[in-house]
Every structure is written in structure tokens, then in C-alpha cells.
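When a ligand or atom number is given, it counts from 1 through the structure's own listing order.
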Amino acid sequence: MQSTLENIVIVGGGTAGWLTAGILAASFKRNNQTKLPTITLVESPNIPIAGVGEGTWPSMRRTLKHLGIRESDFITQCDATFKQGAKFSGWVTGSPEDSYYHPLVLPHRYDLENLATHFVNSAPEQDFASLLCAQGAICDLNLSPKNMSHKDYQGHLNYAYHLDATKFSQFLQSHCSKELGVQHVVANVQLVESAPDGDIAALLIDDGKRISGDLFIDCSGFKGLLINEHFNVPYKSCKDILFSDRAAAIHLPYPQNDTIAPYTISTATDAGWIWDIGLPSRRGTGHVYSSEFMSDDEAVNVLSHYANQTISADDVRLFNIEPGYRERFWHKNCVAIGLSAGFLEPLEASSLVLVEMSAHFIAEQFPNHKNIVPIVANRFNNTFSYRWSQIIDFLKLHYVLSERTSPFWQRHRDKSTWTDSLKEQLELWKYNVPWHGDFDHAREVFPSASYQYVLYGMRPRYTRPSANQPHGALEQIKRAEANVKQQISQFSQQLYDQRTLLHHLVNAH
Ligand SMILES: Cc1cc2nc3c(=O)[nH]c(=O)nc-3n(C[C@H](O)[C@H](O)[C@H](O)COP(=O)(O)OP(=O)(O)OC[C@H]3O[C@@H](n4cnc5c(N)ncnc54)[C@H](O)[C@@H]3O)c2cc1C
């Protein structure tokens, strides 16, 4: 029996399947091994992909570059736009002026010092993000993070993308098949054949063919064909922490040549929130909510009101969400990635970044001998259980800091729905500002800066001024503010608005 993993089989041709195939194939190619493992991706001809998931995280730039994709190809073929963070409207009180940014650029001098300490001691009446970061002002001006002189994946400001999820899967499929040697099989997996040791030996597909493999990656979506239906690995629901279990999604047309917001707009509602993502041709919008606090009809009405147009239940795509994740993602010779591994809710676009991280982890720690599969599997499970639990805390933070009064928000503030780890952080942050040491695992999904933006965006006075005031806090803050203002003025002269940049990129293509 061979001792190396030579054949990798991926089930599912959604974003998770193709991103995983591409990341693995590109990594193997780069390693210059004499014999590359084969990668086969099987996808059903009649089970559609989720086709949602339009907001990404800046890690996507590294991933696309790793796959050998030109940024302009990706932008033009996936209807992508530049995303510089999220604007949260109505999350604190719901009043018309209630909004804050979670930008993607770190607070001023973040690598060197924690200016949040000075902020809480000297300037909590000001807006944290606009005081210490230029990106919110650039977003308000609807400017892009880069201009035509920037190379692929570079810009003045950190950025991610908004994209058309269906086009993205098709684009990845073409690239992975043509450029990276991924074998593509269009067929339904009908049966899973087990080996004597309980591993998966092969998949039996429609035409009776058998696809054998050494490692099977389950990217089959919510159903979890291998991890759930075959292996019955339990699902850890967190519906008692994050209550949203329904989503109503719709594409809305843009008025001709309207500006495209270079950020995700997240607007709180009485029982959830609405996402609004600008692409060149349309706005991807949807309402994610808790069915316990709002019916589907009410949720569609709220969306209708938000969009300022009549939307009926027939116009939207409804999704059931069971917020949670698998107890184990890697079981025997099967790894779950994407929706089969779990899903929380679209807030902060944490799903695709986990797909990228999972595939990069497998590529970097790929077991060179079957004997070490259990060790790598165990590490994978520990790392990703930690990441999922951290994301749950980060998402919950957005809800517990709110002062909104409807029952959904009140329930979120009920401490019995908080995790112990979040309780501890929130107690700590009453006196200490969030900093690197609070999140010291390698490659955290959300850095401490993200916690600062949300914490002080929602509650500028959350951390009490220190009895032992740091020296020169006000001067430091004023210096930072002046630097940020200078950056805003410099960037605003050099950057185009989204549509103009996209227009240039398409024409130069
Ligand atoms: C409402 C909503 C909004 C979201 N927004 C975001 C966001 O903004 N940002 C973000 O990062 N993520 C978001 N997500 C998550 C994102 O949609 C997913 O992470 C992403 O689409 C990956 O899905 P997937 O590939 O795991 O599954 P799917 O897209 O469901 O693909 C499953 C694949 O498995 C195949 N398959 C199934 N059964 C079989 C079988 N028997 N044989 C062969 N093939 C089979 C199907 O044909 C399909 O190709 C959102 C999700 C929802 C529900």
C-alpha cells in the first residue's frame, strides 16, 4: 500500500471547492515536487451552488495572486469592485446619524503603539475610526483604494473585494482547469465506498464510475455529503448566541451610473440587519434576521422599505441558516471546507476567509506520509475550532454593544447568551484597551484593530480613562489626527471614484 497522499478528491464546485482546488494546485506546483498529487473536483450538474457570498476579506488578494491570476482579469470577469471595509448604520441607537466604519486599514502607527490608550484618555467624544484612520473619509468620498499606476493587488489603502459569487466560481473553474491542472468531473456523487479502516476509499458517481482517492475534501455545501451524511460528525449549533437563522437575498438594479460604494453597507433592523454590496451592474442586498423575532413577510417588507421599492416574497431567495460549525472538520481522510464545515452569518464576511485559511493550512502542512495524517488533522481541528469560536465572539460583540430596544437586541444583551470568553474580554476592556496580546495566535482571522474599531465605533467611552494617565495623550492624538488629515488630502487627489477606476481597468484590459 502506498504511503503518500497522491490523489485528492474534492466534492463540490462552489466557491469553496474551486478556491481549495486552486490553492492546493498552485502550492504543489510551486513546491516543484517531482510527482504532484492529482486533484479531481467532482460537482453535480443539477445541484446549484449557493451563489451568495459577495463580500471578501483582504486575504483574497494573496489568494488570487497565489493562484497566478491577474487582478484585472478577476475584476472584469467576476464583476468585482473594491471593498475598503464596512459601514455600520443604525447599530447603536438606530437614529439617522448613527453610523461607524470598520475600515481595513489599521489605526495610525498600529505596529508601533496603541493609540487607543490615548483615545480613551483624551478624545472619546470624537469618532475613533476617523481620528486614527484615513479610510473612512476615502469611503465617504466614494474613492477607490488604488489608481491605475498601482501594480496588481497593490494600492494606497488596504482593500478586499465585492464580487459576483456565481461568476467567481465559473472564473476559478476555468483558471484551475486550464492553468493549474485540476481535473473536473461533472457528475452526482451517489455513494461513498469505505475502506476497511473506516477511511473513504472512493466515491461512486452517476455513470457507475468510481473515483478513488487518498484525501477527500467535502465542499458540498450545507448538506455536508461526506462529513455529515457519511461520517455523521456532529454540528455545534450556536443559535443560542447568534440568533439569525434566515436570510432573504435580492439583486437590485443601480440607477444609471450611480456611484458604487467602496464598502459594505450593513444596516441594523429590528430583528437583524441588511447587507448592501455594490457591483458594477447591480447591488447585492439581503436581510438576515431571526425567525423567532420576525416573520419572512415582515423581513421582506423591511427590505422593501430599505430599498425604497416594492419587493414581494417571490422576488427574494430565502436561505435557512443554522449558525454553527462542525465538532471536527478533519475526520479520518476527509476535511470539510466551506458551508459543509459551518456557517454563522454574513456579518464581517468571515466565511470565504475561512475557506482560504483552511486550504492554505492543508497546502502548507500537507502530510508527506499517511502516518502523520492524524497529527495534521488534530492540529487542523484545534486551529479551526479556535478560529470559529473567535469569530463567534467577534460577531456577538456587534450585538451586545447596541442600545437598540427591540426584543431581538435586548436578548443579545442578555448575558446568559454571551460566551465566557467574550464576557472576560468585555470585562478586561472596561479598563484596558484591546491590543495584540488579546489575540496572540498565529494568523487570527480578525486582528485586535478590528475589535478596537467595533468597540469604540459603538461605545467610544467603553474603556474608562486610566487613573494613571499616560503622558502627553492629547498631543499624541492631535499629531495622529494631523497625519491622518494629511493622508486624506493626499489620497483624495490621487484616487478615482470606483466607477472611473473600473472603467479604466476594463478599457485597459
Ligand atoms: C445569505 C448568505 C450570505 C453570505 N454572504 C457571504 C459574504 O458576504 N462573504 C462570505 O465570505 N461568505 C458569505 N456567505 C457564505 C458563502 O456563500 C459560502 O462560503 C460560499 O458560497 C461557499 O459555498 P460552498 O462552496 O461551501 O457551497 P455551495 O456553493 O453550496 O456549493 C456546493 C457544491 O457541492 C455540489 N454538490 C452537492 N451535492 C453533490 C453531490 N451529491 N455530488 C456532486 N456534487 C455535489 C454542488 O453542485 C455545488 O457545486 C454567505 C452565505 C449566505 C447563505
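For the pair R499 and Y254, the cation-pi test (distance below 6.0 Å, angle within 45°) is passed. Under a cutoff of 6.0 Å and an axis angle of 45°, R411 and F293 do not form a cation-pi pair.
Sorted by chain and number, the heavy-atom contacts of ligand 1 below 4.0 Å come from G12, G13, G14, T15, A16, E43, S44, I47, I49, A50, V52, G53, E54, G55, A187, N188, V189, C219, S220, G221, K223, L225, A247, W275, F319, G338, L339, F343, P346, A349, S351, L352.
Tested against W91, the residues Y399, Y101, Y100 include a single ring pair (Phe, Tyr, Trp, His ring centres under 6.0 Å) partner, Y399.
Note: C133 SG to H102 NE2 = 9.5 Å, rounded to the nearest 0.5 Å.
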message: Is there a side chain to side chain contact (heavy atoms under 4.5 Å, CB included) between K146 and Y153? Walk through the geometry before answering.
response: CA-CA 9 Å; K146 65 187 292 175; Y153 306 114; 5.8 Å; no
task: For the pair V335 and F361, evaluate side chain to side chain contact (heavy atoms under 4.5 Å, CB included) and give the outcome as yes or no after the intermediate values.
output: CA-CA 11 Å; V335 196; F361 184 112; over 6 Å; no
